[in-house]
Amino acid sequence: MKIGILGGGQLGRMLIQSALKYDDEFYTLDPASDAPCNNISHFTQGNFNDFETVLNFGKDKDVVTIEIEHVNADALAELEKQGIKVVPNAAIIKTIQQKILQKEFYKTYDIPSPEFQVVWNSDEKIMMPLPFVQKMNTGGYDGKGVQVIRTEEDYQDVWKEASVIESLVDIDKELSVIVARNESGETKTFPVTEMVADPKLNLLDFNICPVFLSEDIQKQIDSITEKFLNAVNSPGLFAIELFLDKEGKIWVNETAPRLHNSGHQSQEGNANSQFEQMYRVVKNLPLADTDAFGYSGMLNLVGAEGHAGKVIYEGMDDVLKLPKTYIHLYGKTETKPGRKMGHINVLADTREELMEKLVKVKSMVRVIAE
């Protein structure tokens with residue numbers, strides 16, 4: 001099959017790497033000439049937000065998918081009309097890529113998500129009590145386009161763009177569950193992972209699997225995934241980011257209609273990775289076994305503060321000597337502060353051992369510039 005991917009970043013790269021053992025042709029579209037997919041696919045440099053560019057890219061493909069949701073969904077809808085398979089479908093991409101539509105989607109289908117107010121412009125009065133979270137309607141990812149407003153003084157920092165104003169959850173844990181459904185209607189769910197964020201960068205720092213959850217909490221998550229898949233009514237792989245509050249209630253933070261950072265540890269930690277699963281979804285093949293092997297975790301390799309330019313990875317030789325430790329670099333030649341350049345997966349027999357190894361590895365590696 002000729003499989004087109006909108007976006008040529010690391011998620012697309014790892015999807016293609018996983019699928020190279022099969023017989024398909026991969027085509028990618030990305031605005032950056034040096035995108036991570038440029039040398040492992042039939043690469044087109046172009047704007048995946050431009051209607052005509054996306055239409056021309058997709059019209060001769062058997063199936064088109066995404067590795068970033070900020071694409072031209074109207075062009076994907078037109079491709080569907082022309083008989084091209086789009087996974088996930090254009091309608092759910094359009095819903096999820098706009099935070100306002102995404103929140104209204106949760107409300108419509110009784111999927112628990114924090115209370116919210118929609119603000120379309122700066123003239124509208126914010127009615128949510130302090131503290132609250134502001135999420136820009138479009139364009140946010142990796143912690144960008146999201147901020148917490150805690151005090152009256154912080155009101156001066158409120159963005160003027162269309163946004164969701166959301167009540168602040170008293171968070172005990174941040175969790176993620178990755179679910180998949182193929183065109184035949186078969187579904188599979190990966191074990192829930194815990195996400196530990198870097199408070200300074202607002203980026204995922206560690207990812208830990210499995211998580212000890214009570215029967216009640218697991219039931220809440222199972223109910224959410226079932227409601228979500230029924231409501232979406234589309235083949236796809238979806239990462240549902242969740243909050244567990246201090247009273248034991250689960251809330252949906254947001255959803256990504258694609259491969260996700262919170263599933264990277266599945267590369268070595270599960271019987272099959274999220275990338276293998278996504279390939280099978282795109283091809284409408286039987287879905288893969290998602291069982292976890294003991295404890296697994298991931299840490300992001302991000303550009304160090306004060307470093308921009310040609311990348312150097314300090315400490316990698318020492319990491320390569322460690323058992324059950326796996327390096328994944330993204331093929332990015334230029335680093336800058338906070339930029340995701342790769343990740344490292346770790347396996348362990350206990351949660352305590354896993355955390356010790358993750359903290360140790362993090363202390364050993366720095367992503368700097370020449």
Side-chain angles (χ1 to χ4, degrees), residues 69-70 88-89 91-118 128 131-148 163-181 187-197 202-204 207-211 213-234 236-263 274:
E69 58 267 43
H70 305 302
N89 67 35
I92 194 60
I93 293 172
K94 190 160 191 170
T95 296
I96 288 177
Q97 70 185 188
Q98 298 181 60
K99 291 290 192 298
I100 292 170
L101 293 180
Q102 191 180 147
K103 288 291 288 188
E104 288 172 345
F105 173 85
Y106 300 143
K107 189 173 180 179
T108 298
Y109 291 101
D110 195 30
I111 296 169
S113 186
E115 281 187 53
F116 70 101
Q117 174 192 352
V118 172
M128 296 293 292
F132 58 77
V133 180
Q134 182 181 22
K135 297 178 178 179
M136 275 193 203
N137 186 39
T138 58
Y141 70 99
D142 280 352
K144 300 176 182 70
V146 178
Q147 65 174 344
V148 180
S163 304
V164 166
I165 307 297
E166 190 175 272
S167 62
L168 189 65
V169 174
D170 191 9
I171 299 170
D172 181 39
K173 286 184 172 70
E174 293 193 45
L175 307 172
S176 174
V177 61
I178 292 178
V179 299
R181 183 166 73 186
T187 65
K188 287 272 187 178
T189 303
F190 281 86
V192 177
T193 60
E194 180 178 350
M195 301 185 291
V196 181
N202 198 19
L203 275 176
L204 183 60
N207 200 40
I208 301 155
C209 181
V211 189
L213 301 171
S214 70
E215 190 178 336
D216 173 65
I217 291 167
Q218 187 62 58
K219 276 184 180 174
Q220 290 182 59
I221 295 172
D222 292 345
S223 171
I224 285 168
T225 58
E226 185 178 358
K227 282 181 180 179
F228 179 83
L229 285 173
N230 288 337
V232 163
N233 194 29
S234 169
L237 181 137
F238 304 91
I240 307 173
E241 296 180 49
L242 306 163
F243 294 141
L244 170 62
D245 73 17
K246 291 187 176 167
E247 295 182 355
K249 182 167 174 57
I250 292 286
W251 304 91
V252 174
N253 174 24
E254 54 190 51
T255 303
R258 53 167 171 79
L259 299 155
H260 196 257
N261 201 184
S262 66
Q274 65 166 337

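In terms of heavy atoms, I100 sits closest to N137 at N-OD1, 2.9 Å. Contact detail for K135 and V146: the closest heavy-atom pair is CG-CG2, 4.1 Å. Taking both residues in full, the closest heavy atoms of P88 and G236 are given as CB-CA, 4.4 Å, listed atom of the first, atom of the second, then distance. Considering all non-hydrogen atoms of both residues, I96 and P257 come closest at CG2-CD, 3.5 Å. When all heavy atoms of S262 and T193 are compared, the closest pair comes out as O-OG1, 3.5 Å. Of all heavy-atom pairs spanning E174 and I171, the tightest one is CG-CG2, 4.0 Å.
From L175, atom CG reaches atom CE of M195 across 7.0 Å, with rounding to the nearest 0.5 Å. The structure places NE2 of H70 at 11.0 Å from CD of Q98, a figure rounded to the nearest 0.5 Å. For the atom pair H260 NE2 and T255 OG1, the distance stands at 9.0 Å (nearest 0.5 Å). Here the CD-CZ distance, from E115 to F132, works out to 14.0 Å after rounding to the nearest 0.5 Å. In this structure, the separation between NZ on K173 and CD1 on I217 is 7.5 Å, given to the nearest 0.5 Å. Note that CD of E254 is 8.0 Å distant from CZ of F243, once rounded to the nearest 0.5 Å.
Between Y109 and N230, the closest side-chain pair of non-hydrogen atoms is not below 4.5 Å. By the 4.5 Å heavy-atom criterion applied to side chains, R181 and N233 are counted as neighbours. Here the side chains of Q220 and L244 are not in contact, with every heavy-atom distance at 4.5 Å or above. Considering only heavy atoms from C-beta on, I178 stays 4.5 Å or farther from T189 through its side chain. Counting heavy atoms from C-beta outward, P112 and I224 have side chains that approach closer than 4.5 Å.
For Q97 and E69, the side-chain atoms include no donor-acceptor pair closer than 3.5 Å.
Checked by atom type and distance alone, the side chain of S234 pairs as donor or acceptor with a backbone atom of N89 at under 3.5 Å. Between the side chain of S113 and the backbone N or O of V252, at least one donor-acceptor pair lies under 3.5 Å. Side-chain atoms of Q134 never come within 3.5 Å of backbone atoms of S163 as a donor-acceptor pair (strictly under, hydrogens ignored).
For P210, the side-chain contact (heavy atoms from CB on, under 4.5 Å) partners two or more places apart in sequence, or in a different chain, are Y295. Residues passing the side-chain contact (heavy atoms from CB on, under 4.5 Å) test with T225, sequence neighbours excluded: V177, V179, I221, I240. A search for side-chain hydrogen bond (donor to acceptor under 3.5 Å, both in side chains) contacts involving D172 returns nothing, not counting sequence neighbours. The side-chain contact (heavy atoms from CB on, under 4.5 Å) check on T95 picks up I92, L101, F105, with sequence neighbours excluded.
Legend: salt bridge (Lys or Arg N to Asp or Glu O under 4.0 Å) pairs involving residues 216-226, not counting sequence neighbours, sorted by first then second residue: E215-K219. Applying the salt bridge (Lys or Arg N to Asp or Glu O under 4.0 Å) rule to pairs touching residues 101-113 yields K103-E166, D110-K227, sequence neighbours excluded.
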Would V192 and Q218 count as a side chain to side chain contact (heavy atoms under 4.5 Å, CB included) if you check the C-alpha gap in whole Å, the side-chain angles of each, and the deciding distance to 0.1 Å? CA-CA 9 Å; V192 177; Q218 187 62 58; 4.2 Å; yes

